[in-house]
Amino acid sequence: MALLCYKLLSSDSCSQWKYSDYIPTLERYFILSNLLNEFVLEECTESISYMLVAEIEKLSNNHEAQFKEFVFNRFTVYFDFNKNEVVLEDDLDPEESGVFNLSLNSFLEAIKK
């Protein structure tokens with residue numbers, strides 16, 4: 001799907017309507033969503049998923065909890081309970097493309113199996 005959208009938007013017909021200006025944004029979106037997919041497929045086993053969901057539910061109800069960090073083989077996951085945000089970092093990619101921010105609810109939705 002991502003490849004199809006990319007090919008569609010990079011076609012000549014898109015450049016005549018100036019849609020080609022949006023291609024870097026789309027590339028970044030698909031790279032980042034792939035980062036989440038890679039975490040879910042490579043790191044997030046059933047036991048890790050269960051542990052993360054339980055920890056999030058426990059800490060979400062704790063009004064004193066602010067931040068929590070989990071380090072895995074390839075990814076580090078940071079939870080910011082004040083902002084209801086998750087930062088997913090690919091430890092193999094130190095560039096901006098190796099960091100993905102998403103809401104806590106979106107992260108939970110992605111890791112629940």
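- When all heavy atoms of Leu36 and Leu88 are compared, the pair lying nearest together is CA-CD2, 3.8 Å.
- When every heavy atom of Val40 is checked against every heavy atom of Ala110, the shortest pair comes out as CG2-O, 3.7 Å.
- Residue Glu38 holds its CD atom at 13.5 Å from SG of Cys44, rounded to the nearest 0.5 Å.
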Checklist entry - Can you check side-chain contact (heavy atoms from CB on, under 4.5 Å) on Phe75 and Phe100, steps first, answer last? => result CA-CA 11 Å; Phe75 293 93; Phe100 184 42; over 6 Å; no
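- Counting heavy atoms from C-beta outward, Glu43 and Asn73 have side chains that approach closer than 4.5 Å.
- For the atom pair CD1 (Ile111) and OG (Ser49), the distance works out to 4.5 Å, reported to the nearest 0.5 Å.
- More than 12 heavy atoms of other residues, nucleotides or ligands shown are found within 6.0 angstrom of CZ on Phe70.
- Within a 6.0 Å sphere centred on CD of Glu109, heavy atoms belonging to other residues, nucleotides or ligands number 12 at most.
- Linking Ile, Leu, Val, Met, Phe, Trp and Tyr residues whenever their side-chain heavy atoms come within less than 4.5 Å leaves Val77 and Tyr50 in two separate clusters.
- Residues Pro94 and Leu92 share a closest heavy-atom pair of CD-O, 3.6 Å.
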Next on the checklist: side-chain contact (heavy atoms from CB on, under 4.5 Å) for Phe79 and Leu104? Distances and angles first, verdict last.
Outcome noted: CA-CA 8 Å; Phe79 295 104; Leu104 194 57; 3.6 Å; yes
Checklist entry - Passes side-chain contact (heavy atoms from CB on, under 4.5 Å), Glu46 versus Ile48? Steps please. => result CA-CA 6 Å; Glu46 191 173 329; Ile48 288 176; over 6 Å; no
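- Summarising the geometry, atom NZ belonging to Lys68 is positioned 14.0 Å from atom CG belonging to Asp80; distances are rounded to the nearest 0.5 Å.
- The cationic atom of Lys83 (NZ for Lys, CZ for Arg) does not lie both less than 6.0 Å from the six-membered ring centre of Phe81 and within 45° of the ring axis.
- A donor-acceptor pair is defined here as one N or O able to donate and one able to accept, closer than 3.5 Å; such a pair exists between the side chain of Ser60 and the backbone of Ile56.
- Between Glu42 and Arg74 a salt bridge is recorded (basic side-chain N to carboxylate O distance below 4.0 Å).
- For the atom pair Leu52 CG and Glu57 CD, the distance stands at 11.0 Å (nearest 0.5 Å).
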Checklist entry - Could you walk me through whether Thr76 and Glu69 pass the side-chain contact (heavy atoms from CB on, under 4.5 Å) check? => result CA-CA 7 Å; Thr76 302; Glu69 173 184 341; 3.9 Å; yes
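- Here CD of Gln66 is found 11.5 Å from CG of Leu59. Values are rounded to the nearest 0.5 Å.
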Checklist entry - Which is it for Ser103 and Asn84 under the side chain to side chain donor-acceptor pair (under 3.5 Å) test, yes or no, and what are the steps along the way? => result CA-CA 6 Å; Ser103 72; Asn84 249 357; over 6 Å; no
